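The structure follows.
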Amino acid sequence: MNEIVLKKMLSPEIKLYKIRSPLIAKKRKAGQFVVVRLDQKGERFPLTIADSDPREGTITLVVQEVGMTTKKMGLLKEGDVLWDVVGPLGKPTETEKFGTVVCIGGGVGNAVVYPIAKAMKAAGNRVISIIGARTKGLLILEEENRAVSDEIHVTTDDGSYGKHGFVTDELAGLLKDGLQVDLVVAIGPAIMMKAVCDLTKSHNIRTIVSLNSIMVDGTGMCGACRVEVGGKTRFACVDGPEFDGHQVDFDLLVARLRMYLPEEKRAMEAFEEEVGERLTKQAASDSSAGEDHG
Amino acid sequence: MAEKKKLSLKREPMPRQDPKLRAHNFSEVALGYSPEQAIKEAARCLTCKKPRCVPGCPVEVDIPGFIRWIQEGDFAKAVQTIKATNCLPAVCGRVCPQEDQCEKLCVLAKKGAPVAIGRLERFVADYEAQQGCCVQVPKEVPSTGKRVAVVGAGPSGLTVAGDLAKLGHSVTIFEALHEPGGVLVYGIPEFRLPKAIVQREVDFVKSLGAELKTSFVIGHLQTVDELMDGEYDAVYLGNGAGLPYFMNIPGENLNGVYSANEFLTRSNLMRAYKFPEYDTPIKVGRKVAVVGGGNVAMDSCRTALRLGSEEVLCVYRRSRVELPARQEEIENAEEEGVQFKLLNNPVRILGDDEGWVTGMECIRMELGEPDESGRRRPVPVKGSEFIMDVDQVIVAIGQGANPLVASTTPGLEINKWGYIVADSTTGATSRKGVYAGGDIVTGAATVILAMGAGRDAARAIDAYLREQKGC
Ligand SMILES: Cc1cc2nc3c(=O)[nH]c(=O)nc-3n(C[C@H](O)[C@H](O)[C@H](O)COP(=O)(O)OP(=O)(O)OC[C@H]3O[C@@H](n4cnc5c(N)ncnc54)[C@H](O)[C@@H]3O)c2cc1C
Ligand SMILES: Cc1cc2nc3c(=O)[nH]c(=O)nc-3n(C[C@H](O)[C@H](O)[C@H](O)COP(=O)(O)OP(=O)(O)OC[C@H]3O[C@@H](n4cnc5c(N)ncnc54)[C@H](O)[C@@H]3O)c2cc1C
Ligand code: SF4
Ligand code: SF4
Ligand code: FES
């Protein structure tokens with residue numbers, strides 16, 4: 001259980017993993033996540049289940065390497081085993097027939113929005129996707145998202161691919177052209193979700209966001225994942241992770257995501273030192289092995 | 001020894017780590033009796049014919065029975081005697097509130113000091129561990145062919161699992177976290193209950209034949225109905241009261257405000273006190289306020305000190321006599337340097353522009369008329385608000401029922417607080433074949449009560465399974 005059966009590079013920062021986890025593969029619904037621990041000393045961290053194959057007994061995780069733990073995961077190889085995978089956690093996305101649903105993803109959010117777009121499509125909605133990235137090389141899952149969308153729009157911040165601009169610009173354009181939208185689902189960095197919500201609020205379009213607050217257990221036991229929605233404290237892991245974006249206090253979310261910055265930096269430095277040594281050693285043994293052959 | 005002479009014997013004190021040292025390490029505070037000390041303390045027991053102490057113990061340990069073996073120096077027999085009714089003696093000997101249970105009722109309590117039953121229990125359990133297993137695993141019993149699912153590997157679930165396995169049923173324990181033990185691993189700190197001891201007790205339950213599946217959340221990965229429809233003939237719910245309460249005051253979501261559950265889980269389960277050797281970080285405040293006065297609050301205060309906080313304040317709205325924590329732990333905390341700010345109630349937490357805690361506003365309280373619980377009700381003193389200069393706040397005001405299991409089990413009756421309604425002698429719930437016990441039924445209580453409920457339920461489940469055909 002929990003072994004990596006496939007590892008694929010989607011962009012320099014983002015990797016896709018297929019993990020053997022037959023029970024979760026069978027049970028999970030769009031919008032749910034798992035909490036992973038890489039080794040005995042590892043931290044517990046949440047990852048959305050981007051896809052699953054119940055027959056093959058696998059789930060798909062798409063991971064952006066932002067810090068120590070996600071980088072450590074990046075060093076794992078096919079055949080390696082994740083120490084713990086627990087899930088499926090969180091509430092599934094409400095997928096009924098709404099009409100026209102715009103699914104917006106930014107960065108690694110394209111992996112999180114993909115299963116939702118897929119489920120929305122399966123529920124009979126007209127799905128319009130807007131996916132974006134900083135630059136062409138960082139854009140992920142374009143084909144996957146395209147396959148489940150009636151229409152897809154791609155943006156890059158630097159204009160290297162698709163339209164030049166932000167996903168919000170694209171949404172604003174569509175709305176200006178008179179597109180009637182019943183629901184928006186927006187997933188990406190907090191600032192992006194906030195910008196989308198500001199825009200949809202003025203058009204009075206219901207908007208769902210998925211909050212990536214810091215978590216520990218993921219089952220409602222610790223309260224690390226506290227967010228404020230409609231002025232009330234909610235636990236993102238059990239009450240969410242999806243919430244009505246117009247009610248979310250994004251500033252609080254952003255502040256809370258910064259809680260461990262110094263510790264994350266310290267962990268990263270220690271890790272880089274360790275990995276650096278390992279890589280140097282490896283390089284040394286590789287080159288000596290090379291000499292033997294030469 | 002003549003009774004009179006026995007009565008003049010002094011209670012043997014517990015050797016402990018020096019407070020100055022221990023306030024900065026996570027090693028166990030109480031060091032345990034030596035064999036000589038244990039024999040000396042055991043000598044005080046009158047081994048009463050009608051022992052008063054036994055009814056004080058929720059699992060009815062044969063107290064005079066095991067103490068007599070200590071008096072005779074046969075520690076192995078002493079452990080066996082305890083383990084006949086209590087499968088976790090090393091845990092109970094350490095964390096039972098003995099002063100309110102067995103020791104409270106000991107005849108010697110009135111004549112000075114009760115026999116130190118808990119310390120003796122701990123001594124023999126540790127002796128067993130040191131000597132290797134001197135309790136024989138019961139011989140393989142014929143399998144009944146019945147299967148029981150136990151939800152939660154806390155003290156209650158472990159007890160049910162152990163007892164049912166001994167009776168020949170096939171038991172699987174489903175635990176949401178990655179380690180078994182419940183509060184014993186995520187809540188109670190290493191310095192009060194070393195994790196190796198919990199592991200040993202878990203191994204014992206496994207050696208009886210119970211299977212353990214960790215990282216398995218019932219309600220998400222499988223529901224109770226799916227367990228009952230599938231492989232299992234009965235289910236025991238021992239999922240605890242793990243939902244942290246907050247005060248619902250302004251500022252409670254600022255950075256630097258923790259629930260005690262999160263603070264203790266990071267430190268204990270995730271070993272954040274060894275960061276960065278272990279990956280999980282924890283914030284170490286300079287001046288920390290812990291709100292609450294129970295065992296959870298004491299554990300939080302003492303953990304904060306050990307992590308390196310300069311000052312730790314225990315903020316409680318009633319007075320000293322009402323502190324719900326065990327007396328021993330209050331004294332330990334005080335010796336280590338925890339300051340008690342009694343008769344104070346937080347009204348809001350203050351923060352800076354970046355969202356970090358900078359202080360906590362409190363109002364002074366005084367005690368008024370007694371309330372329903374018989375304790376004098378704390379009432380705020382008008383105009384007495386003041387600001388406590390702290391940069392971290394840990395909220396330890398209690399836990400409630402996590403709704404996950406109940407909300408995914410149709411027909412399971414719960415009360416207005418979300419606790420599962422279960423028969424107090426059998427643990428039977430409103431659903432046939434589904435039993436429950438421990439904190440999820442009583443609300444946050446004690447290890448030994450959770451175990452007692454597990455023992456009663458195991459008996460009832462066994463009877464239920466045997467009634468069914470094919471057993
Ligand atoms: C419900 C949910 C689903 C998620 N799904 C995905 C996904 O599919 N793909 C993906 O790449 N990322 C996802 N994330 C974010 C991912 O969990 C974090 O990026 C990861 O934990 C960072 O760990 P790190 O040690 O590599 O980085 P760190 O150096 O620890 O942190 C970098 C930043 O990540 C955030 N972070 C740190 N620890 C956690 C934590 N325990 N939980 C959440 N965020 C944290 C903080 O903002 C921090 O500043 C999800 C988060 C949540 C809450
Ligand atoms: C910090 C602290 C200190 C304490 N100190 C003392 C003390 O000194 N003395 C004392 O007697 N008592 C003490 N207590 C109380 C005591 O620990 C509890 O009363 C006791 O642990 C309850 O046992 P339980 O088995 O009912 O539940 P728990 O110990 O809470 O165990 C429940 C288990 O079920 C698991 N679970 C929950 N939901 C699910 C699910 N859906 N699927 C699968 N598994 C699930 C949980 O992860 C947990 O492991 C303390 C409590 C705390 C928090
Ligand atoms: S289990 Fe607890 S209450 Fe019972 S005898 Fe032992 S210490 Fe006392
Ligand atoms: S512990 Fe106290 S009450 Fe119990 S048998 Fe000994 S003397 Fe009697
Ligand atoms: S992560 Fe612990 S309660 Fe949500």
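The shown structure was predicted, so the numbers you read here are calculated from the model rather than taken from an experiment.
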request  = Assess whether side chain to side chain contact (heavy atoms under 4.5 Å, CB included) is satisfied between K283(B) and Y260(A), documenting all intermediate values.
outcome  = CA-CA 8 Å; K283(B) 282 285 162 194; Y260(A) 295 100; 4.0 Å; yes
Side-chain heavy-atom pair L243(B), F235(A) within 4.5 angstrom cut-off = yes
query = Is any NZ, NE, NH1 or NH2 atom of the basic residue among E179(B) and R37(A) found under 4.0 Å from an Asp or Glu carboxylate oxygen of the other?
reply = no
query = At a heavy-atom separation under 4.5 Å, does E252(B) approach chain A through its side chain, its backbone, both, or neither?
reply = backbone
Validation row: P281(B), E43(A) side chains within 4.5 angstrom (heavy atoms) = yes
query = Just checking, is any N or O donor in the side chain of D84(A) or T214(B) under 3.5 Å from an acceptor N or O on the other one?
reply = no
inquiry  = Please identify, among T233(A), D251(A), D217(A), the residue contributing the most non-hydrogen atom pairs under 4.5 Å to chain B.
reply    = T233(A)
ask   = Which one, P262(A), A270(A), G218(A), P88(A), leads in non-hydrogen pairs under 4.5 Å with chain B?
value = P88(A)
message = Please identify, among G220(A), G223(A), A267(A), the residue contributing the most non-hydrogen atom pairs under 4.5 Å to chain B.
response = G220(A)
query = Given that the side chain runs from C-beta out, which part of M259(A) has a heavy atom under 4.5 Å from chain B: side chain, backbone, both or neither?
reply = both
key: Interface moiety of I214(A) toward chain B, non-hydrogen atoms closer than 4.5 Å   = side chain
ask   = What do the steps show when you test L23(A) against F216(B) for side chain to side chain contact (heavy atoms under 4.5 Å, CB included), and what is the final call?
value = CA-CA 10 Å; L23(A) 269 179; F216(B) 201 118; 3.7 Å; yes
ask   = Any side-chain heavy atom of Y278(B) within less than 4.5 Å of one from Q40(A)?
value = no
ask   = In terms of heavy-atom proximity below 4.5 Å to chain A, should L404(B) be classed as side chain, backbone, both, or neither?
value = neither
note = CG of N255(B) to CG of L257(A), rounded to nearest 0.5 Å, is 9.0 Å
request  = Against chain B, label K26(A) side chain, backbone, both or neither, depending on which of its atoms sit under 4.5 Å from a heavy atom there.
outcome  = neither
query = Given a strict heavy-atom distance threshold of 4.5 Å, which part of R266(A) is in contact with chain B: side chain, backbone, both, or neither?
reply = side chain
request  = Examine whether an atom of L38(A) lies under 4.5 Å from a heavy atom of chain B, and if so say whether it belongs to the side chain, the backbone or both; otherwise answer neither.
outcome  = neither
query = Does any heavy atom of chain B fall under 4.5 Å from the side chain of K41(A), the backbone, both, or neither of them?
reply = both
R266(B) and V216(A): CA distance, side-chain angles, deciding distance, side chain to side chain contact (heavy atoms under 4.5 Å, CB included) verdict = CA-CA 8 Å; R266(B) 281 181 183 272; V216(A) 183; 3.5 Å; yes
Spacing of CG belonging to D279(B) relative to CZ belonging to R44(A), to within rounding of 0.5 Å = 13.5 Å
key: Side chains of H178(B) and W83(A) in contact at under 4.5 Å (non-hydrogen atoms)   = no
